**Student:** 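One structure coming up, written as structure tokens, with questions to follow.
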Number of protein chains: 2
Amino acid sequence: MTDLPKQRVDTPTNFPPFEQPCPIRDVLDRIGDQWSLLLLESLAPGRKRFSELGREIGDISKQMLSRTLKQLEQDGFITRTVYPEVPPRVEYELTDLGQSFRGPMQALVQWADANHRVIVEARNRYRGLD
Amino acid sequence: MTDLPKQRVDTPTNFPPFEQPCPIRDVLDRIGDQWSLLLLESLAPGRKRFSELGREIGDISKQMLSRTLKQLEQDGFITRTVYPEVPPRVEYELTDLGQSFRGPMQALVQWADANHRVIVEARNRYRGLD
DNA sequence: CTGAATCCCATAGGATACTG
DNA sequence: CAGTATCCTATGGGATTCAG
């Protein structure tokens, strides 16, 4: 029984609460994990099957691959199609929602790619003046 | 002594490794945490001080506020200015790098805002067919 | 092959108390 | 006010094993 993660309405903490649970945070909490973005990227070219995704990502465990795909399916980013064959085959594919996400995702990816160098330099500079 | 997080080159796992440590992942690992994006958003309008940010975010602990700001500073997203006054005042402000990040960030935020409803519906639909 | 279940550890992140 | 240090819990996520 996978009880879905509750919405963080619990402990207020030492700063006075301010905004209601916002959509941004809700979305980011889901696709902000270690693998979601990578998987959506991998699925961008087209439908792929389980192990194919595993190979492409490289260092993801089967467990996390499975979990993350399920999350993405639940949230409506991808579809999961099972082919009742002898060695089972399952294919994943972006939904319209998933496709529509490619825009902002690409913006992010491109920015990261373009600015990675600057960031690394900043880190090194920071370390330098310890 | 805050030893910086190492680069995940350790255990290969059960899938054969595939890509070298990529910039995307490196960047996302940093701004993909629970608070970075929120803070960058908060700082978008202009420079703000520590407690001001804390109040705006609402449910962030002082500790995480401090840590996250330091991370963002290290990576060159923001600057930290200390005013040697009686009650100390510290202000944070986006750097050029931080500013340049607003583009992709806004894309993401707007998408999240626009599609949150659809996602929530997808989740509920999924729960329905248990 | 595609997962689910179990075990286990490392880390994120909150609470609190203390400092300059 | 703006942090830092300490402690502690919850969660993320890998490894391994089991199942259809």
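Given the structure is predicted, the values throughout are model-derived calculations rather than measurements. So you know, we letter chains A, B, ... as the sequences are listed, proteins then strands, and number each from 1.
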**Student:** In whole Å, what is the span from the CZ atom of A/F50 to the P atom of C/dT2?
**Tutor:** 7 Å

**Student:** Rounding to an integer number of Å, can you tell me how far A/L65 CG sits from C/dG3 C1'?
**Tutor:**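 The answer, rounded to whole Å, is 10 Å.
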
**Student:** I want to check one thing: is the phosphate of D/dA2, taken as OP1 and OP2, less than 4.0 Å away from some side-chain N or O of B/S66?
**Tutor:**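 The answer is no; no side-chain N or O of B/S66 sits under 4.0 Å from OP1 or OP2.
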
**Student:** Select one nucleotide: of C/dT2, D/dG14, C/dG13, the one nearest the side-chain heavy atoms of A/Q34.
**Tutor:**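 Selected nucleotide: D/dG14.
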
**Student:** Please state how far atom CD1 in A/I60 lies from atom P in D/dG13, giving the value in whole angstrom units.
**Tutor:**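 Going from A/I60 (CD1) to D/dG13 (P), I get 9 Å.
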
**Student:** Rounding to an integer number of Å, can you tell me how far B/W35 CH2 sits from C/dT11 P?
**Tutor:** 21 Å

**Student:** Once the angle between the rings of A/W111 and B/F77 is folded into 0 to 90°, is it parallel (under 30°), tilted (30 to 60°) or perpendicular (over 60°)?
**Tutor:**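 If you compare the ring of A/W111 with that of B/F77, the planes turn out tilted.
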
**Student:** Within the distance-only criterion (no hydrogens, no angle test), does the side chain of B/T68 pair as donor or acceptor with the backbone N or O of B/M64 below 3.5 angstrom?
**Tutor:** yes

**Student:** Whole angstroms only, please: what is the CZ-P distance between A/R55 and C/dT2?
**Tutor:**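 Interatomic distance, CZ of A/R55 to P of C/dT2: 8 Å.
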
**Student:** In this structure, which one of B/R47, B/K48, B/Q99 forms a side-chain hydrogen bond (donor to acceptor under 3.5 Å, both in side chains) with B/E93?
**Tutor:**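 Testing B/E93 for a side-chain hydrogen bond (donor to acceptor under 3.5 Å, both in side chains) against B/R47, B/K48, B/Q99 leaves exactly one candidate, B/R47.
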
**Student:** Want to settle it: does B/P88 or A/R49 sit nearer the 5' end of DNA chain C, counting the closest nucleotide to each?
**Tutor:**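 Nearest-nucleotide comparison on DNA chain C picks A/R49.
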
**Student:** Verify the contact: side-chain N or O of B/K70 to OP1 or OP2 of D/dT4, cut-off strictly under 4.0 Å; return yes or no.
**Tutor:** yes

**Student:** Without decimals, in angstroms, what is the distance between A/D33 CG and C/dA10 P?
**Tutor:**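 After rounding, the gap between these two atoms is 21 Å.
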
**Student:** My understanding is that only one of B/V27, B/L37, B/T95 makes a side chain to side chain contact (heavy atoms under 4.5 Å, CB included) with B/F101; could you say which?
**Tutor:** B/L37

**Student:** Tell me if the side-chain of A/R67 makes a donor-acceptor pair with the base of D/dG13, cut-off 3.5 Å, by modelled atom types.
**Tutor:** yes

**Student:** Roughly, in whole Å, what's the span from CZ in A/R80 to P in C/dC1?
**Tutor:**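 After rounding, the reported distance stands at 16 Å.
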
**Student:** Please work out if B/Y92 contacts a base, only the sugar-phosphate, or nothing of the nucleic acid, heavy-atom cut-off 4.0 Å.
**Tutor:** sugar-phosphate

**Student:** Consider the side chain of B/K62, meaning its heavy atoms from C-beta on, and name the nucleotide among C/dA4, D/dG3, D/dA2 that approaches it most closely.
**Tutor:** D/dG3

**Student:** Just N and O in the side chain of B/S51: are any of them under 4.0 Å from OP1 or OP2 of D/dA2?
**Tutor:** yes

**Student:** Looking at B/D33 and B/R67, is any side-chain nitrogen of the basic one under 4.0 Å from a carboxylate oxygen of the acidic one?
**Tutor:**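 Salt bridge flag = no for B/D33 with B/R67.
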
**Student:** Report the distance from atom CG of B/D29 to atom C1' of C/dA12, rounded to the nearest whole Å.
**Tutor:** 13 Å

**Student:** Side-chain donor or acceptor of B/Q63 under 3.5 Å from a matching atom on the base of C/dG13?
**Tutor:**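 No such pair is found, so the answer is no.
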
